[in-house]
Amino acid sequence: MTVIGKRNIMKRYLVLLLSLIYLMPLHAQQKVQVVTKKVLKDISYSRQQLIINAEKADINIEGWEKNTVSIEMQLISKNTDIEEAKSDLKCSKYEIKESNESIILTNYFSAENNHNIKSNLSVVYTIKVPYKCPANIINLYGDIEISSLHSAVIINNSFGAIILNNMDGDIKVLSNYADITAVNIDGKLLCQAEKANITINDASGYTQIISSYGKVEFNPGDGFIGLKVRSGRTDIVVEVESFENYGYNLKTKSDKIILPDEHNGKVSDNKNISDLMYNLNSEKPVIDIQTTYCPIVIKRK
Amino acid sequence: MKTDFSNKLNKAITELPEYQFDTAVWDKIEARLDFEDKLEAALTGLPRLEYDNNVWENIERGVEKDQQQFKRYKSKRIVRYAASIAASVLFFSTILYKYLKPETTVTVSEEIVELFEEPIKLDVADVDPMEYINESCQQRMEVCNNPDFLEQKQQLFELDTEIKRLQEVIESYGESPAIIKSMVKMENMRSEILKDLIKTLRS
């Protein structure tokens, strides 16, 4: 066979392959109708607490300089049939209550007269609050993202994600199967997590983690005061600029403590317990970790 | 004659030994009389009691009970004899077994075990994710019938079965680091799959 003949065959295969790639997503795609009801409300802020009781909601809260709480709620209904999507949207309910102490936002799903919900219903909250507004947020099957708040915040989420950015204050996070990602957190952060992965980067202030299963990845930033982890069956990885910058109180049962190569000799292994106590009498911030059946890894950035 | 007798009597009296009476006697007599008066007064103040008419019936019942206890004692004695014989048989068979079995030694030592809170219990919401998945699947058949979704659900089922099996092994034979580590791996895989399934259903 000539070189031109081979090229022709290759061209045919290429055309066939491209056609298949082009056709595949077309075959898998489905047109979904999205019906959205938007609720907008601005409330003049007078030191109230923001309370959210949500379900199947993606919640976005951002701190701003204005003395107003800006609320946008999108009630969404998705279905291949637009009439069904519209009809089911009526089952997505919400409430906005305000008093001198609090602003309470609630959403829930309720079908009346034996109506069978066939659409995918969800809610998106986009809220802007003054920086100092305290918040208490409960959500189920949805994500919570908060940024730029300098106040007391309590978050309780199951089966979603929790994302925190540029926060400063007393922050308490309760997570059930909800992965936590926190960046640039100052003040006091307490995470209690069940079967979640926790990633905390550039942590200033003091962080305490209590967890069962999952993984913790932590790296301290400027102004870091200390880390305390009390975990069961949780992998722990801490990334540090320099090993000598911190004090260490590490202990794991039935697994190992892994340090940068030149420090590995410092770990004492007794029976099934590995532990390290190092630099504890100095003024340096302490990394205090206890876990079981999983390793503790301290490594350089 | 009469004067003679008087003289003799006077003489005899003068010869009689002299006794000085004890001055405490009258005090004792007085005290005894006082005590009797007090006793009499106290007796009048005592309650009057009549005996219980059922006393004899109670005594008879007590006797019957004693007889029953005696019978029980007899049967207990038989049991004791039997127990003594059994203990003797056990004792001698233990000695025999000791001579027949291979030599073993048992040592006792102490270990200091570090106490870890294990596993950590957290106060989290009591939510059943399978309830959400099944409910959502009724509304979104097209998502739940997708081969990837079905494969993940199958993996979840297999992991659940495997975790249950490991829990049974732990219950029967106790924990071991290897078993717990396998469990940790599976629980983590299970939670990742659950999170993925829920994310797919939410999208």
Side-chain angles (χ1 to χ4, degrees), chain A residues 28 30 32 55-58 78-80 84 88 116-122 138-143 156-161 174-179 192-197 210-215 230-235 251-255 270-273 275 290-294, chain B residues 111-133 135-149 159 163 170 175-203:
Chain A
Q30 191 181 31
V32 176
E55 203 179 315
K56 286 182 76 184
D58 286 341
K78 291 181 188 174
N79 199 313
T80 47
E84 274 188 334
D88 287 343
N116 192 13
I117 301 170
K118 289 176 184 164
S119 308
N120 181 20
L121 300 176
S122 62
I138 300 172
N139 193 17
L140 186 61
Y141 304 115
D143 299 344
N156 189 340
N157 198 13
S158 296
F159 299 97
L174 298 164
S175 149
N176 185 25
Y177 289 84
D179 293 346
Q192 285 191 33
E194 171 84 28
K195 296 187 177 100
N197 296 327
I210 302 167
S211 68
S212 176
Y213 294 96
K215 188 173 183 176
R230 290 291 175 269
S231 291
R233 307 177 182 192
T234 308
D235 271 298
K251 197 176 279 186
T252 181
K253 179 186 170 188
S254 300
D255 218 307
N270 187 17
K271 306 249 179 205
N272 60 347
I273 308 287
D275 75 302
Q290 247 184 49
T291 190
T292 57
Y293 301 101
C294 289
Chain B
E111 275 183 7
I112 293 166
V113 181
E114 289 270 351
L115 290 174
F116 280 80
E117 197 189 333
E118 235 306 295
I120 284 186
K121 292 265 184 293
L122 293 169
D123 186 18
V124 288
D126 185 19
V127 184
D128 181 9
M130 286 316 292
E131 206 173 282
Y132 172 81
I133 291 170
E135 252 176 43
S136 304
C137 277
Q138 283 177 357
Q139 296 154 8
R140 304 192 68 198
M141 305 271 258
E142 77 289 352
V143 176
C144 298
N145 289 331
N146 180 294
D148 289 345
F149 192 92
L159 281 167
I163 288 167
I170 291 168
E175 289 183 354
S176 87
I179 295 174
I180 303 283
K181 279 182 183 181
S182 307
M183 183 102 125
V184 171
K185 213 173 256 179
M186 280 190 255
E187 282 283 6
N188 285 338
M189 280 167 74
R190 184 181 175 274
S191 43
E192 289 309 311
I193 292 171
L194 268 175
K195 286 174 205 168
D196 267 0
L197 288 173
I198 289 168
K199 205 173 175 181
T200 310
L201 282 168
R202 280 177 48 218
S203 61

note = For B:Tyr132, the ring-ring contact (aromatic ring centres under 6.0 Å, His included) test, sequence neighbours excluded, returns A:Tyr141
query = To the nearest 0.5 Å, how far apart are CG in B:Leu197 and CZ in A:Phe159?
reply = 11.0 Å
query = More than 12 foreign heavy atoms under 6.0 Å from CE of B:Met186: is that the case here?
reply = yes
message = When you compare the side chain of B:Gln139 with that of A:Leu121, does any pair of heavy atoms fall below 4.5 Å?
response = no
ask   = Any donor and acceptor pair, going by atom type alone, linking the side chain of A:Lys253 with main-chain N or O of B:Pro177 inside 3.5 Å?
value = no
ask   = Relative to chain A, which segment of B:Gln138 carries a heavy atom at a distance below 4.5 Å: side chain, backbone, both, or neither?
value = neither
task = Under 4.5 Å heavy-atom distance to chain B, tell me which part of A:Ala161 shows up: side chain, backbone, both or neither.
result = neither
ask   = Looking just at side-chain N and O atoms, do A:Tyr177 and B:Arg190 make a donor-acceptor pair shorter than 3.5 Å?
value = yes
ask   = Does the side chain of A:Lys195 reach to within under 4.5 Å of the side chain of B:Glu187, using non-hydrogen atoms?
value = yes
note = Of the listed B:Met183, B:Glu142, B:Lys199, the one with the largest count of heavy-atom pairs under 4.5 Å with chain A is B:Glu142
task = Tell me, for A:Lys215 versus chain B, whether the close heavy atoms (under 4.5 Å) come from the side chain, the backbone, both or neither.
result = neither
request  = Could you grab the distance from atom OG of B:Ser176 to atom CG of A:Asn272, nearest 0.5 Å is fine?
outcome  = 11.5 Å
message = Given heavy-atom pairs under 4.5 angstrom as the criterion, report whether the side chain, backbone, both or neither of A:Asn116 touches chain B.
response = neither
Side-chain heavy atoms of A:Cys294 within contact of B:Val184, under 4.5 Å = yes
Among the listed options A:Ile117, A:Asn120, A:Leu140, A:Asn176, the residue most often paired with chain B at heavy-atom distances under 4.5 Å = A:Asn120
inquiry  = Less than 4.5 Å to any heavy atom of chain A: does that hold for the side chain of B:Leu194, its backbone, both, or neither?
reply    = side chain
ask   = How far does CG of A:Asp255 sit from CD1 of B:Ile180, to the nearest 0.5 angstrom?
value = 12.5 Å
Which atoms of A:Asn197 approach chain B - backbone, side chain, both or neither, heavy atom under 4.5 Å = both
remark   = For B:Glu192, the salt bridge (Lys or Arg N to Asp or Glu O under 4.0 Å) test, sequence neighbours excluded, returns B:Lys195
query = When rounded to the nearest 0.5 angstrom, what distance separates CG in B:Asp128 from OG in A:Ser158?
reply = 12.0 Å
remark   = Okay, B:Arg140 and chain A: the region with an atom under 4.5 Å from a heavy atom over there is side chain
query = Checking heavy atoms, do the side chain of A:Ser211, its backbone, both or neither come under 4.5 Å from chain B?
reply = backbone
task = State, with a plain yes or no, whether a side-chain heavy atom of A:Tyr293 is found less than 4.5 Å away from one of B:Lys185.
result = no
task = Identify which part of A:Thr80 has an atom lying under 4.5 Å from any heavy atom of chain B, answering side chain, backbone, both or neither.
result = neither
B:Ser182 portion near chain A, given a 4.5 angstrom heavy-atom threshold = neither
